[in-house]
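These numbers were taken from a predicted model, which means no experiment stands behind them. Residue numbering restarts at 1 for every chain, and letters A, B, ... go by the order of the sequence lines.
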Amino acid sequence: MSNDHSNVPVISVDEEYSGYRRKYGHEDPQSVNWCRHRKHFFILSSAGKPIYTRYGDESRISGYTGVIQAIVSFFVDAEDSIRCINAGNHKFVFLLKGPLYLVAVSRTNESETQLRDQLNYLYNQILSVLTSTQLTRIFEQRINYDLRLLLGGTEPFLDNLATSMSDEPGFMLGSIQCVRMNKELRDKIGSILQIVKSKDLLYAMLIANNKLITLLRPKRHSLHSADLHLIFNMVNGSSTFRSAESWTPICLPKFNNKGFLHAYVCYITGNVCLLLISPDKDKFFELSDAKSIIVEELTSCNALQAIEEVSQSEGYSIADVGAAGLRHFIYKSRKHVQYTSPTFMAPYNDPHEKQKLFKLYRYTHDRMHSRIRPLKVHYYVSPTETILGWITSTFELYAAFGPLISKSALTNSSHTLLKWIKKEEENLFILNSQVF
Amino acid sequence: MDTTNSQGIVTVPPSLSYFCVYNPSFGDTDDSQSDQLLYYTSKKTVPMDVKIRQVGLAQGLVNFTRVFSPSKPCENVHTQKNRLAFYEPEPDYWIHISIELGHVKKVIKDKEGKPKTTIDYLDSNLHDSGVKRMLELGYEMYRIFNGPFEYTVRTDGIKALKNKLEEFFANWVFEWDFEKTELTKTVDGILYMPLSDSAESQITSFVNQIQSDYEFISDMFVIWQNKLVYRGNGAIPVNNVRGIWRHLVSYIAERDEHDREIENKRKNKEAEKVSTFMGFTRNISGSNLLSYFSTTPKVSPSTSPTNSTSHNPSTAPLETNGLLSPSTQVFIPGPSNFLLGPTNLHGPDGDIHPVKVYLSKNSNSSNIRTVDHRHDVDESDIEEYYLVAYKQNALTLVFFIPLNSLEGSAKVQEMVFYRSFHNYLTSQSEEIIKILNENHEKSKKLGRTDIDKEYRYLFFNKMTLAVKSSLYPFSSNGSLTSSSRGLTITSEMAHALCELHEDLEKYPQLTEIYTRSSTNFWIVGKRSEGRVLYIVVPKKEASLAEVEDDVRRITAIYFSGDNIY
C-alpha cells in the first residue's frame with residue numbers, strides 16, 4: 001500500500017500539542033467548507049466536551065458536541081441508545097464507549113457497520129495512549145475533565161489513522177498486508193530474529209511501508225490485526241522513528257486494554273523498521289543490543305540488502321497474474337488474516353479513480369458481511385466496472401473487471417486468479433508465523 | 001450456544017410506538033409548543049409534556065443533521081430498540097413515526113449457570129424504504145381526499161386540519177403490519193391488465209362514447225377485477241392514478257365480499273332476509289385503505305338480527321368505530337351499482353354525498369411532487385373533482401367530474417341523474433364486459449408454464465408504476481392460485497429482495513446485481529430505463545452464467561411484447 005501521506009504534516013511524538021498544524025485547522029462549524037468534508041470524526045466526553053475533531057479546531061466545536069451530547073442523553077434516559085442517523089447522502093454513526101462518545105459524519109458510501117468499525121479503531125488509538133484503566137479513572141474522578149490535556153501530541157496519529165482508513169482496505173477487511181517475498185528469505189529473517197529470544201521480548205517484527213515482513217510471537221499469543229494496525233499507524237504517523245532509536249509505551253487493546261507494553265522502534269534501513277515489544281519498561285538497552293545483533297546477522301548473510309530491495313519494489317502488477325479481463329483485486333486469506341492486492345495500475349493510479357474503485361469494493365464488502373443475511377456471491381455491473389465478491393470458508397475475493405465482460409469469462413478469469421494465488425501463496429502470505 | 005433453552009424463546013414483532021404530524025412554525029415560543037402538534041397517537045397514553053419532548057427531539061435531530069445535509073435532513077434514526085422516521089411532505093409540515101423494533105427474547109444461562117434473559121433487537125428486519133413508503137402513502141392518500149395540509153389551514157383553519165388528520169389516520173396507523181416485508185408493498189405499483197390491440201381500441205371508443213354523451217366527465221378509469229385497464233387521458237399524474245386505483249380496489253373487494261355473502265345466504269335459503277341484512281359503512285377515511293391490505297368487510301353493527309345465525313366469522317358484526325365522523329357514514333339497505341355515488345337510487349337528493357378528490361396537475365417530467373422549490377402550496381396545482389364509480393360484474397368504471405364544471409357539479413347532487421346514468425351504463429357495458437372477459441381468459445392462459453413453479457419474479461416500471469409479480473401467488477380472497485404450488489418466498493428471501501431494491505435505489509447507475517445467499521438461493525435485480533426486474537432463483541448448484549440463462553428465459557416468456565412492461 002502507498003505510504004503517501006505527504007498531506008499530513010509530519011511531527012515528532014514529543015512535540016508540544018500547540019506545535020501541530022492541522023490541515024483545515026482554521027475551519028469551524030460556521031465556515032462553509034467545514035461541513036463539506038466527506039467524512040468527519042468527532043470524539044467527545046459524555047459531558048459534551050470536545051476531545052477530537054478531524055477538521056477544524058476542537059476548541060471551536062463545543063457547541064456542536066453539546067448538541068451531540070444532548071441527543072445521546074435523550075436516548076440514554078429512555079434506556080435506549082442511538083446508533084445511526086440517515087439524512088440524504090449523509091450517515092451519522094454513533095459509538096458510545098463509557099465516558100467517550102465517538103461520532104462519524106460521512107457522505108462516503110460506507111455503511112453503518114464499516115463506519116462503526118472505524119470509530120472502534122479511533123477508540124483503540126486513544127486506548128493505546130491511555131489504557132482503559134486510566135481512561136475510566138480520569139472520568140470517575142472528574143466527569144468534566146478536558147481529555148485534550150492528556151492526549152496532547154496524539155492528534156497526528158488520530159489524523160493519520162482517519163486518512164489511512166479511507167485509503168487502505170486492511171481496516172475494512174480486518175486484516176493486514178505482507179510484503180511479497182521469497183519464502184526462503186522470509187524464513188531466514190525469522191530465524192535471525194529467533195536469536196534474540198529472551199523473556200524480555202514479547203513480539204519482534206519487521207515492517208516496511210505498512211506491510212509486514214515477518215513477525216515472531218510467543219506460542220500462546222497471536223497478535224490481533226487491530227493491534228497490528230495500531231502499531232503500523234504509530235510507526236507511520238511520526239517521522240521521529242526514522243531518525244533515531246525510540247522507546248515508547250503503547251497499549252495494545254486486543255492484547256490487554258488495561259496495561260502498557262513498551263516498544264523499541266528503529267529503522268534498520270531506509271524502508272525497513274524493526275519493532276521489539278517488551279512487557280518491561282526498563283529494557284531499552286537490552287533491546288537496543290538485540291537490534292545490533294539482528295542487524296549484524298542480517299548483514300553478514302546479505303539479507304539486509306535483499307529486504308531493502310524487496311521493500312523498495314512496488315509489489316506486483318495485475319499482469320503478473322495473467323487473468324484475462326481482470327483489472328484489480330483484493331484477496332483475503334481468512335485463515336491467515338492477511339490480504340494481498342496488486343499495485344494500482346491505470347486507471348486506478350489516479351487517486352480519484354482509486355477511491356471510486358474502493359467505493360465499489362466497500363459496497364460489496366458490506367453486503368457480503370451482513371450480520372443477519374451474509375452472502376456468498378455478490379456480482380454487479382456499473383457503467384465502468386463489473387465487480388465480483390466471492391466468499392468461501394477459506395478466502396474472500398473482491399475482483400474488478402471491465403463492464404462488458406461475460407459471466408463465463410469472468411468466472412474463468414477468477415479461477416485463473418485463484419490458481420495463481422495458490423501457486424504464489426507462500427510468497428504472498430506468512431503461512432506459518434514463527435514463534436519464540 | 002447450546003445453553004439456549006428453546007422453550008424460552010419469545011419473538012415479538014415490530015410495533016408502533018407513536019405517530020404524529022406537527023408544524024414547528026405553529027408554536028415557536030416555549031409556552032405555545034403544544035400548538036405545533038396537529039395529530040398525535042401512541043400505543044400507550046402519554047402526557048402532553050412527553051409528546052412535546054418527543055416533538056422537540058424530532059426537531060433537534062432535524063436541525064442537527066441540517067448542518068451537513070441542508071436539503072435532506074434527518075430521514076430516519078436507528079437506535080438499539082427503536083426506529084424513528086421523518087417525512088416533510090409540505091414545507092414545515094412533518095409526519096413523524098416511532099416504531100419499536102421486533103425482537104427475540106431468549107433465556108440463556110450465564111457463566112455461573114444462572115438463567116438470564118437476553119433481548120436481540122432485529123434492526124435489519126425493518127427496512128427504511130418500507131417505512132418511508134408507508135409515510136408517503138399515508139400522505140398521498142390523505143391528500144387525495146382532503147387536499148394539502150396548508151390548503152385546509154388557509155381555507156378552514158388549523159382546527160379543521162386537526163379534525164381531518166384525526167379522521168384519516170386514527171384507524172390506519174395501528175393497522176400497518178411492520179413485520180411483513182414484502183417487496184410488492186415497497187415498490188408499490190399498479191396492477192394493469194394487458195390488452196390485445198383490438199380490445200384496446202374498443203375500450204378507447206367505449207370511453208370516448210361515454211365522454212361525448214356526458215361532456216362534463218373530464219376523465220375516466222376502467223378497472224377489470226382488481227386490475228387497471230384504462231387509466232385516463234394523461235391529465236391525472238400517475239401517483240394519483242395509483243391512489244385512486246387502490247382506493248377503488250378496496251371498495252371492489254368489499255363489494256365482492258358482500259355479493260358472496262348474499263350468494264351464500266341465498267343458498268342457505270335465507271334470501272328473503274338478505275335484502276335487509278347487509279349494510280355498508282362508507283367512509284372516506286384511512287380505514288378504506290386498510291381494506292386493501294385486509295379484505296375484512298366493513299359491516300354495519302346496527303343491522304338485522306339474522307347476524308346471530310351466521311356461522312361465517314367474517315360476517316360477525318364489527319364494533320362501531322366512534323372515531324368515524326357520522327357525516328361520512330352511510331347505512332344502506334342494499335347497494336346500487338355505484339361504488340361511489342348514491343347507494344339507494346330511490347332515496348332523496350339529500351342522501352347523496354358526492355366524494356370529492358384533490359389531485360395534482362400533471363407536469364410533464366416528474367409526477368411525484370418534489371419538496372425542492374417549496375415555499376407555499378401552489379393552489380393552481382390542485383385540481384378538484386367529484387368521483388363517481390360504477391360496478392357491474394367484474395367491470396368498474398370511474399368518472400372524474402371537475403368541480404369547476406357547472407353542469408357536472410349540479411348533476412352529481414341530483415338523484416335523477418344517477419338513475420338515468422345507471423340505465424345508460426347498464427346497457428353500454430354489456431359489450432365491453434364480454435370483450436374484457438375474453439381478453440382476461442386469454443391472458444390467463446398465456447405464460448402458465450412450469451417456469452412458474454421454479455422461480456418467483458417481480459417486475460416494476462417506474463414510469464407507469466406497472467407492477468407484475470409472482471412473489472406472493474395468493475389471490476385476494478386468500479386462496480392459492482394455480483402457480484402457488486412451486487417455490488414459496490421465505491422471510492429471508494423477502495428481506496433480501498428488499499435489500500436488493502434499496503441497493504438499486506441507492507446506486508442508480510448499476511444495471512444488474514446477482515447475489516447468492518449463504519443459504520444458496522440466487523436473487524437477481526436487472527434494470528433498464530426505469531424498468532426493474534427482480535428474480536428469485538432457488539438453485540443451489542447453479543453458476544453465475546447458468547443463472548443468467550434462467551433470467552433470459554423468464555424475460556423472454558413474460559416480458560416480450562406487452563408494451564405496459
Side-chain angles (χ1 to χ4, degrees), chain A residues 29 34-37 40 64 67-68 70-71 74-75 78-94 105-107 109 112 359-360 363 367-368 370-384 386-391 403 406-412 414, chain B residues 53-54 56-57 60-82 84-86 121-125 128 492-493 495-496 499-500 503-504 506-507 509-520 522-526 543-549:
Chain A
W34 185 78
C35 54
R36 288 192 186 153
H37 294 291
H40 289 259
Y64 204 71
V67 176
I68 295 176
I71 288 172
F74 187 97
F75 292 100
E79 292 175 348
D80 197 355
S81 80
I82 187 166
R83 297 177 63 78
C84 177
I85 304 176
N86 291 301
N89 292 327
H90 279 81
K91 246 184 209 323
F92 299 66
V93 177
F94 297 77
V105 178
S106 159
R107 59 182 176 89
N109 72 328
E112 181 186 341
K359 192 176 166 179
L360 302 177
Y363 161 50
R367 266 289 167 257
M368 301 202 76
S370 155
R371 193 170 69 90
I372 295 192
R373 286 176 287 278
L375 299 175
K376 286 182 173 173
V377 174
H378 188 246
Y379 161 100
Y380 65 89
V381 184
S382 84
T384 47
T386 299
I387 299 290
L388 172 71
W390 183 10
I391 296 187
S406 76
K407 292 183 183 61
S408 51
L410 173 138
T411 308
N412 290 339
S414 306
Chain B
R53 252 192 295 147
Q54 285 166 342
L57 172 74
L61 288 163
V62 167
N63 292 336
F64 170 68
T65 48
R66 215 167 230 158
V67 174
F68 294 98
S69 184
S71 64
K72 281 189 180 165
C74 193
E75 291 171 293
N76 57 65
V77 178
H78 295 232
T79 76
Q80 188 203 345
K81 301 178 181 174
N82 293 286
L84 311 180
F86 303 77
Y121 288 90
L122 305 171
D123 183 70
S124 52
N125 282 357
D128 285 326
E492 189 191 358
M493 290 173 186
H495 285 300
E499 278 163 1
L500 187 64
D503 286 353
L504 285 168
K506 186 174 167 196
Y507 299 106
Q509 289 188 309
L510 304 190
T511 49
E512 58 179 43
I513 304 179
Y514 283 58
T515 69
R516 181 185 183 167
S517 78
S518 55
T519 50
N520 288 316
W522 288 87
I523 289 191
V524 179
K526 222 171 141 54
S543 71
L544 200 55
E546 286 161 356
V547 174
E548 184 182 37
D549 288 342

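B/Glu75 contributes a side-chain N or O that, together with a main-chain N or O of A/Gly88, makes up a donor-acceptor pair within less than 3.5 Å.
For B/Phe86, no part sits under 4.5 Å from any heavy atom of chain A, backbone or side chain. Proximity to chain A involves both the backbone and the side chain of B/Glu499, based on heavy atoms less than 4.5 angstrom apart. Looking at B/Asn63, there are no atoms closer than 4.5 Å to chain A (heavy atoms on both sides), in backbone or side chain. Only the side chain of A/Arg371 comes within contact range of chain B, judged by heavy atoms closer than 4.5 Å. Looking at B/Leu84, only its side chain comes within 4.5 Å of chain A, counting heavy atoms on both sides. For chain B, no part of A/Arg107 is nearby; none of its heavy atoms comes within less than 4.5 Å.
Rounding to the nearest 0.5 Å gives a distance of 3.5 Å between CG of B/Asn76 and CG of B/Asp128. Remark: A/Glu112 CD to A/Ser106 OG distance equals 12.0 Å, nearest 0.5 Å. Here CG of A/Leu360 is found 10.0 Å from OG1 of A/Thr386. Values are rounded to the nearest 0.5 Å. For the atom pair CD1 (A/Ile71) and SG (B/Cys74), the distance works out to 8.5 Å, reported to the nearest 0.5 Å.
Listed options A/Pro403, A/Ser370, A/Cys84 were ranked by heavy-atom pairs under 4.5 angstrom with chain B; first place goes to A/Cys84. Residue with the most contacts toward chain A among B/Thr519, B/Val67, B/Thr79, B/Val547: B/Thr79 (heavy-atom pairs, distance under 4.5 Å). The residue among A/Val67, A/Asn109, A/Ile387, A/Ile391 with the most heavy atom pairs within less than 4.5 Å of chain B is A/Asn109. No other option in B/Glu512, B/Lys72, B/Gln509 has as many heavy-atom pairs under 4.5 Å with chain A as B/Glu512. Highest contact tally toward chain B, considering only A/Ser81, A/Ser382, A/Ser406, is held by A/Ser81 [criterion: heavy-atom pairs under 4.5 Å]. Of the listed residues A/Asn86, A/Ile372, A/Asn89, A/Leu375, the one with more heavy-atom pairs under 4.5 angstrom with chain B than any other is A/Asn86.
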field: side chain to side chain contact (heavy atoms under 4.5 Å, CB included) assessment of A/Leu388 paired with A/Ser414
entry: CA-CA 9 Å; A/Leu388 172 71; A/Ser414 306; 3.4 Å; yes
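Residues satisfying the ring pair (Phe, Tyr, Trp, His ring centres under 6.0 Å) test with B/Phe68, not counting sequence neighbours, are A/Trp34, A/His40, A/Tyr64, A/Phe92. Qualifying ring pair (Phe, Tyr, Trp, His ring centres under 6.0 Å) partners for A/His378, counting only residues two or more places apart in sequence or in other chains: A/Tyr363, A/Tyr380.
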